[in-house]
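See structure below.
From a predicted model like this one, the values you see are computed outputs, not experimental measurements. Read the numbers this way: they start at 1 and go in the same order the structure lists the ligands and their atoms. Side chains included, hydrogens not; waters and symmetry mates left out as well; all remaining heavy atoms used.
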Amino acid sequence: MEVLYLLTLIIVVSAELVQDLAHVEAFIKEKRYVLKKKFRPLYHISSPVGWLNSPSGFTYFRHRFHVFYQYHPYNGAWGSIQWGQAISENLVDWVHYPPALLPKDHYDKHGCLAGSATIHNNYLTLFYTGHVLAYNKTIHTQNIAISSDGLIFQKYIYNPVVRQAPPGVNEFRNPKIWRFRAHWYMLVGTSSENHEGQLALYTSPDMFHWKFNSTVAQSYGDIGHTWENPDFFELENQHVLILSVQGIQGDSYRFKNLYQTGYVVGNFNYQTLSFENLEVSLDTFAELDFGHDFYAAQTMNALDGRRLLIAWLGMWDSEFVEARDGWASLLTIVRELRLTSHGRLLMTPVREMEELRTEILENAWYSPGETFHAGAKAFELVVNASCSFYDAALIFEWSGERQYSIYYVSDRGRVSVDRGGADGVRHADWAPAGQLKWRIFIDASSIEVFCGDGEVVFSSRIYPKKGIRIRVGGEMQLHVTQYKLRRSVNYDEKLRQYLKNNFANKIKLY
Ligand SMILES: *[C@@H]1O[C@H](CO)[C@@H](O)[C@H](O)[C@H]1NC(C)=O
Ligand SMILES: *[C@@H]1O[C@H](CO)[C@@H](O)[C@H](O)[C@H]1NC(C)=O
Ligand SMILES: *[C@@H]1O[C@H](CO)[C@@H](O)[C@H](O)[C@H]1NC(C)=O
C-alpha cells in the first residue's frame with residue numbers, strides 16, 4: 001500500500017493549497033465583522049472566526065499534537081463544514097493553522113464531517129464523512145485525506161472508501177479508525193430503520209479497502225435514535241467505547257442535556273469481532289461529563305502511555321451568546337483518562353495545564369460567607385477542605401447576583417452545579433475519598449470543574465458580565481489557591497498576516 005500512498009501524492013500534483021481564506025475575507029468584508037474579545041477564551045481552542053464544533057483527528061505526528069475541529073467560518077452557526085486545525089507541542093500551547101479539509105468535492109460538497117486520524121508509513125491520514133444533500137436526502141460516505149507534513153492534506157483519489165451505508169441505515173458518520181495487529185478497523189455511528197442508535201464495524205487489510213462486518217452494538221430502545229462520534233480504545237486491559245448519543249430521555253438526575261456523551265466498558269474479541277460483557281443500556285451507559293456543554297469526545301494515546309481526551313465544550317441548540325461577536329464555541333482543555341477497577345473513567349486536566357500558571361492571585365483559607373474578587377478572566381482555582389464530612393459550596397457572582405454555584409451535600413453523597421435559569425442544575429453522585437478537592441478552570445466564558453481525582457467533571461458555558469466575585473458557602477472552611485493563567489492559543493504567522501493585511505482594523509484575532 002505504500003506504493004498507493006506515493007501514487008496518491010504524486011498524481012495529485014495540483015496540490016492546491018487548502019487555504020481557502022478568500023471566503024472568509026468576503027464574509028468579513030460583507031458583514032463588517034469586528035471580532036469582540038469580551039467572551040473570547042485565552043487558553044482554550046476557540047473558533048478563530050465563525051463557528052466551531054466537534055473535535056476530530058486528535059493525534060500525535062512528528063513531535064506535535066494535532067487536533068482538528070468542525071469549522072464554519074462564514075457565520076456563527078453550523079453550515080457547510082470544514083476541518084479547521086490546531087497544533088501543539090505540549091497540549092496547552094496551541095496554534096491555529098489554515099483549514100485542513102474543505103468541502104468541495106462531489107462526495108463532500110456540503111460538508112467534511114467529523115472523524116478520526118491515524119499515522120501510518122509516516123503519513124498523517126484523516127478519515128472523515130462526506131456530507132452531500134441531494135434530492136432532499138442526506139448522503140454520507142467515508143473518506144480519506146493524507147498529509148506528509150501534517151499541514152497540507154490531499155484527499156485520496158479513490159474517495160469515497162466507503163460509498164454506501166449498510167442496508168436500512170439512515171445516518172452514517174464519524175469514522176473511528178484503529179489498527180490491531182495486521183488489520184484495520186472502523187466504527188461508524190448510525191441510526192437504524194427503526195430509529196435506534198447503532199454502530200457499524202468495518203474491517204480492512206490495508207486501510208483503503210473496507211468491508212462491512214456487522215452491527216457491533218445497538219440501542220434496544222432506551223439509548224437514543226442516533227449514535228455518532230464513536231471512540232474506542234484499550235485502557236487497563238479493558239476496552240472502552242465512547243459514544244455521542246442523540247435522543248436519550250433524561251430524568252430528573254441523569255441525561256439532562258439535549259444530547260449525551262458517555263461510555264461503556266467491556267471487552268472486544270478480535271477473533272469474533274464482537275463485544276463481550278458490553279451492552280449499551282441505561283444501566284451501563286455512564287455520562288463522561290455532567291456539565292451543560294460537553295459533546296463529541298475524542299481520545300488519543302500519547303507516547304508516554306497517557307490516554308488523552310478533548311471534546312466540544314458546547315451543545316446543540318443552545319444559545320451561543322458570543323455568536324454576535326463574530327465567533328462561536330470552543331473545545332475543552334485536554335484531559336487525561338484513567339479507568340478504576342470498578343470500570344469508571346476518571347478525567348483530570350493534563351499535568352501540562354500547570355505550565356499556564358503565571359501568578360498566584362489568592363492563597364488562603366476562607367470561612368463560609370467570605371468572598372474575594374477573581375481579578376482575572378482566565379484563572380484556575382485549587383480548592384481543598386480538610387475533610388468531606390460537611391457541606392461545601394463555592395458561589396460565583398456577577399452583576400450583584402449569584403450566577404453559578406458548585407455545592408457538595410455530604411449526607412447525600414452528591415455534588416451539583418447550578419447555572420441558574422430553568423434548566424440550570426446538574427447533579428452527580430460523589431463520595432470524595434478523604435478531603436474534598438475541586439480544581440476549577442475558568443476562561444472568559446467557560447467553566448470546567450474537576451471533583452476529587454476526576455470522579456466527576458462539569459463543563460459549561462457561562463457569560464460573566466463584569467468581574468467575578470467568588471463566595472464560599474456551605475459549612476466548611478475552604479482553602480483556595482487562585483492562579484492566573486496565561487494566553488496559550490495563537491495563530492500561525494501566515495494566517496495572522498493574511499488576515500491582518502486584508503482586514504486591517506476590521507478583524508482582531510483575539
Ligand atoms: C425538496 O423539498 C422541498 C420542500 O419540501 C420541495 O419544495 C422540493 O421540491 C424538494 N425537492 C426535491 C428534488 O425533491
Ligand atoms: C466478521 O468477522 C468475523 C471474524 O473475523 C467473521 O467470522 C465474519 O464472517 C465476518 N462477517 C462478515 C459479514 O464479513
Ligand atoms: C490541596 O490538595 C492538593 C491535591 O491533593 C495538594 O497538592 C495541596 O497541597 C492541597 N493544598 C492545601 C492547602 O491543603
May I ask you to decide if [Y]'s main-chain N or O and [X]'s side chain share a donor-acceptor pair within less than 3.5 Å?
X	Y	answer
H292	G424	yes
S445	Y463	no
Y128	A145	no

Side chain proximity check, D443 to E448, heavy atoms < 4.5 angstrom: no
Distance flag for atom 7 (O) of ligand 3, protein heavy atom under 4.0 Å: no
Y253 atom OH, over 12 foreign heavy atoms within 6.0 Å: yes
E228/Y295 under side-chain hydrogen bond (donor to acceptor under 3.5 Å, both in side chains): CA gap, chis, key distance, verdict: CA-CA 10 Å; E228 50 185 5; Y295 200 65; 2.6 Å; yes
Distance-only donor-acceptor check, side chains S329 and W312, under 3.5 Å: yes
Within-cut-off N or O pair, T272 and ligand 2, under 3.5 Å: no
Nearest-neighbour protein heavy atom for atom 14 (O) of ligand 2, which is reported as residue plus atom name and distance: K211 NZ, 3.0 Å
Residue, atom name and distance, where the atom is the protein heavy atom closest to atom 11 (N) of ligand 3: N384 ND2, 2.9 Å
Under-4.0 Å heavy-atom contact with ligand 3, by part of K437 that carries it: side chain
Run the numbers for me: atoms of ligand 2, each under 4.0 Å from some heavy atom of [X], listed by number.
X	result
L273	2 (O), 4 (C)
N213	1 (C), 2 (O), 3 (C), 8 (C), 10 (C), 11 (N), 12 (C), 13 (C), 14 (O)
Q271	4 (C), 5 (O)

Contacting atoms of ligand 3, where contact means under 4.0 angstrom from a heavy atom of H479: 13 (C)
